[in-house]
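Letters go in sequence order (proteins before strands), and every chain restarts at 1.
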2 protein chains.
Amino acid sequence: MAKATIDDVAALAGVSMKTVSRVVNKEPNVRASTRDKVQAAIDELNYRPSQSARSLAANRSYVLGLLYDNPSASYVIDVQDGALETCRRAGYDLLIHPCKRDADDILAEVLALVRQGRVDGLILTPPLSDMTTLVQALVDAAVPFVRLSPTEHTDACPYVQTNDQEAAYDMTCRLIELGHQRIGFIIGHPDHRAVTQRYAGYVAAFKENDLALDKTLVVQGYNSFDSGRECAEQLLSLAERPSAIFASNDDMAAGVIIEAHHRGIAMPAELSVAGFDDTPVAHQIYPSLTTVRQPIAEMAAKAVELLLKQLKGKSVQMPAAIMSCRILERESTGKPG
Amino acid sequence: MAKATIDDVAALAGVSMKTVSRVVNKEPNVRASTRDKVQAAIDELNYRPSQSARSLAANRSYVLGLLYDNPSASYVIDVQDGALETCRRAGYDLLIHPCKRDADDILAEVLALVRQGRVDGLILTPPLSDMTTLVQALVDAAVPFVRLSPTEHTDACPYVQTNDQEAAYDMTCRLIELGHQRIGFIIGHPDHRAVTQRYAGYVAAFKENDLALDKTLVVQGYNSFDSGRECAEQLLSLAERPSAIFASNDDMAAGVIIEAHHRGIAMPAELSVAGFDDTPVAHQIYPSLTTVRQPIAEMAAKAVELLLKQLKGKSVQMPAAIMSCRILERESTGKPG
DNA sequence: AAACCGGCTGACAGCGCTGTCAGTTTGTTT
DNA sequence: AAACAAACTGACAGCGCTGTCAGCCGGTTT
């Protein structure tokens, strides 16, 4: 049995090609009886519209592109899952496109993706969300896109964001509430949005609780496990060492925990550790890590939703969304002493 | 500047549309001077061929599909990266398609992907590689595909495989060499290929070393962290408990380590633990995990290569590849006692 | 000199859809 | 019952490429 085309369906249903097209695309203004007749023909022939033909005729690919550069595997997977779910429901596919943000041909590469008509729109994840040259190029080329967790969002580009600052504030308050006064903080990679926001939350919590902030307890990390470990070495070598360390992400927090193990420091009795992100490692280490969970999949889903709205030409009134994080208290935190 | 089409390029270069097509597709039989002329025109107009137009005309999508069901995030990412790398070089894109293998519409869904012409071929990862209904359906529909790490590979379908048995054998021998006699083994999920192979390697090592195999030390796990922990509870509660535990994957090994921590068992002094896969967690836990690294990205790249060969119609003489694993010794293993 | 061959090039007919627009039917109003 | 709007349907012209096939050209071969 050869592959059925729209003509075959039209002939069988006794209608025009165009009417079949209307039914397939769920367009309005088709009489219910006609619709049924066509649907029956579609089912009988097991008709599947050719993706390339409709792309060519409609001048869109029904594919969205997901751009990312090297965040953690679990982050990427969560984003993919969330995005895919929403894409599918809308009949869209997702093309993944990892890329190095320092590659000099990244702009050309991404623009080619669009100009070749491979994708109708793009989702940018950190740190690409904050790559101004890229963002500007997309704006100039009038490419529809949505950014996940951008640091800056002053312009009119749609984005999806979390309340990182609030979450970091809450976490810090919780540590203070447990009785901690000397709370170390490991700042994240300067290129990532998390940095400013999360650190600001930490600072705000100290202010709110009328506690003095000891700058020697604040160190700069780079988001990796190894950098977390190095920061921990620094913090745990202090004469008066902190009773808690709050790392800007889980990988660094895992580094802190390893370093504490190696120094024979009991957790949480002698040291509480908190992370951010709830990566898989968080509950696979000992002690399991108190952390903040971002609704990553949901954010990605939301981003796709905003993007699809753009594509439909419905100019989104407020092209942005803020989503909430949740603190997960596990074994790595407790009362000091 | 409107988007240039192949006609624009042809006009500018003073050749026919078809000749431009030849240059773009790197077809032979174009005089060098003509080729240069056309290339100049392409560059001048910044021409990018329309993906949908060529798909429609050539009746292929230049897209490969990657099918997977829920292996770990890091595994999926590695597969994606390896596959993408090779795809790109060949001018192909990769469509990711996670799917639940117990969904009753999975066959229809996957076949639709092909029948709609969204993809030209498929890569199956475990456990989908071993889903006979799916494999059979693809064979029946004459869909080109390659399987990663299938358990069975008696038929003519191309596949890419690792020498799991050999690696498990080597690891077990290494533990024996360190002085371990009572080595617990946690079998993986029955649906995953790893199971048979890895367990067989363990058994073979005992045989080879003339050691009796104590069946009470072999327990059935299900690949998850939690199941690893449950298995550890069982093994560590034995009157005469093992001095080493070899888990069929890292997640389960991580579960073993947590359980040992909770029981205050020192590692590796009182218990050596080995895993399989070298997932990110392996070096983020304490003690860091001795494990086996599979060349996942390379396998995926190889799979794409085999798939592209199929698509080109070059019937692959030996449509398969075996790739080697490597043992990584870290802190979690050592001499017993 | 005729016949031939291989490398090179172009004319043309689609690929299977969707957008446009005009035409036909149906339901509603006066 | 005529007039009109609204709902519905179809004819047709592409979308921008590739495959087929025929034709051309220069260099061999007979």
Describe the nucleic acid contact of [X] in one word from base, sugar-phosphate, nothing, applying a heavy-atom distance below 4.0 Å.
X        : value
Thr34(A) : sugar-phosphate
Ser55(B) : nothing
Asp7(B)  : nothing
Pro49(A) : sugar-phosphate

Counting side-chain heavy atoms from CB outward, which of [options] is closest to [X]?
X        : options                   : value
Ser16(B) : dG16(D), dT18(C), dG10(C) : dG10(C)
Met17(A) : dG16(D), dG19(D), dC12(D) : dC12(D)
Lys18(B) : dC17(D), dC8(D), dT20(D)  : dT20(D)
Ala53(B) : dC17(D), dG19(C), dT26(C) : dC17(D)
Ala57(A) : dT9(D), dC17(C), dG16(D)  : dC17(C)

Just by modelled atom types, is the [Y] backbone N or O under 3.5 Å from a matching donor or acceptor in the [X] side chain?
X         : Y         : value
Asp120(B) : Leu64(B)  : no
Asn163(A) : Cys325(A) : yes
Ser129(A) : Leu148(A) : yes

**Prompt:** Under 4.0 Å between a Lys/Arg side-chain N and an Asp/Glu carboxylate O for Glu305(A) and Arg89(A)?
**Reply:**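 The answer is no: the pair does not qualify as a salt bridge.
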**Item:** Check ion pair Arg35(B)-Glu27(B) (N to O, under 4.0 angstrom)
**Value:**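 A salt bridge is absent here (no side-chain N lies under 4.0 Å from a carboxylate O).
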How long is the line joining [atom1] of [X] and [atom2] of [N], in whole Å?
X         : N       : atom1 : atom2 : value
Arg54(A)  : dC17(D) : CZ    : P     : 20 Å
Arg35(A)  : dC8(D)  : CZ    : P     : 9 Å
Asn25(A)  : dG16(C) : CG    : P     : 17 Å
Arg118(B) : dC17(C) : CZ    : P     : 13 Å
Leu56(A)  : dG14(D) : CG    : P     : 14 Å
Ile6(A)   : dC12(D) : CD1   : P     : 17 Å
Arg31(B)  : dG10(C) : CZ    : C1'   : 13 Å
Leu45(B)  : dG16(D) : CG    : P     : 14 Å

**Request:** Answer yes if the side chains of Tyr68(A) and Arg101(A) hold a donor-acceptor pair under 3.5 Å, and no otherwise.
**Result:**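 Side-chain D/A pair, Tyr68(A) to Arg101(A): absent.
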**Item:** Asn59(B) or Val30(B), whichever maps to the more 5' nucleotide of DNA chain C
**Value:**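 Nearer the 5' end of the strand: Val30(B).
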**Asked** Does the side chain of Thr19(B) get closer than 4.0 angstrom to OP1 or OP2 of dG10(C) through an N or O atom?
**Response**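 Checking Thr19(B) against dG10(C): at least one side-chain N or O falls below 4.0 Å of OP1 or OP2.
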**Prompt:** Counting only side-chain N and O atoms of Tyr47(A), is one of them less than 4.0 Å from OP1 or OP2 of dC17(C)?
**Reply:**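 Yes, within the criterion.
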**Request:** Examine the base of dG10(C) for any acceptor or donor lying under 3.5 Å from a partner atom in the side chain of Arg22(B), and report the outcome as yes or no.
**Result:**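 Looking at the base of dG10(C), it does pair with a donor or acceptor on the side chain of Arg22(B) (distance under 3.5 Å).
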**Message:** Can you work out whether Glu27(B) or Asn29(A) has the more 5'-proximal nearest nucleotide on DNA chain D?
**Reply:**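 Residue closer to the 5' terminus by nearest nucleotide: Asn29(A).
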